[in-house]
Amino acid sequence: MISRELLEILACPETKAPVREADAALLARLNARVAEGAVVNRDGQPVTEPIAEGLVREDGAILYPVREGIPIMLIGEGIPLEGLEGGA
């Protein structure tokens with residue numbers, strides 16, 4: 001879990017928009033797609049590991065993974081959420 005203080009200063013590296021923690025329902029939908037081999041990040045690399053935690057850009061378009069408690073705030077690591085957002 002990301003601390004509230006850190007969450008308040010983090011922003012999308014591309015748009016500088018605020019981010020919020022992804023909820024369990026969004027992560028479940030995303031991980032179902034990961035299991036199907038249907039998820040690629042913005043660099044075009046397949047996402048093969050389940051996402052346990054993530055930060056969603058304010059507009060709901062991109063999720064930045066959090067690995068071992070560290071937010072990966074790199075444009076290329078962002079995961080497009082088109083068709084998955086609904087209720088994050």
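Side chains are part of it too, since the values below use all heavy atoms of this structure and drop only hydrogens, waters and symmetry mates.
Here the shortest heavy-atom pairing between Ile2 and Pro71 reads CD1-CG, 3.8 Å. Closest of all the heavy-atom pairs between Val40 and Pro46 is CG1-CA, 3.9 Å. The nearest pair of heavy atoms linking Cys12 to Tyr64 is SG-OH, 3.1 Å. The minimum heavy-atom distance linking Val47 with Val34 is given by the pair O-CG1, 3.5 Å.
The list of salt bridge (charged side-chain N to carboxylate O under 4.0 Å, His left out) pairs with a residue in residues 31-43, not counting sequence neighbours, reads Glu14-Arg42, Arg33-Glu36.
Each of Ile70 and Val66 belongs to its own hydrophobic cluster when Ile, Leu, Val, Met, Phe, Trp and Tyr are linked at side-chain heavy-atom distances under 4.5 angstrom.
Qualifying side chain to side chain contact (heavy atoms under 4.5 Å, CB included) partners for Ala17, counting only residues two or more places apart in sequence or in other chains: Thr15, Arg57, Glu58.
Interatomic distance, CD of Glu21 versus CG of Leu26, reported as 12.0 Å (0.5 Å rounding). A distance of 6.5 Å separates CG in Leu55 from CG in Leu10, rounded to the nearest 0.5 Å.
For the pair Asn41 and Pro65, the minimum side-chain heavy-atom distance is 4.5 Å or more.
Exactly one residue among Ile51, Ile62, Val56 makes a side chain to side chain contact (heavy atoms under 4.5 Å, CB included) with Ile79. That residue is Ile51. Just one residue in the list Val19, Leu27, Val39 forms a side chain to side chain contact (heavy atoms under 4.5 Å, CB included) with Leu63, and that residue is Leu27.
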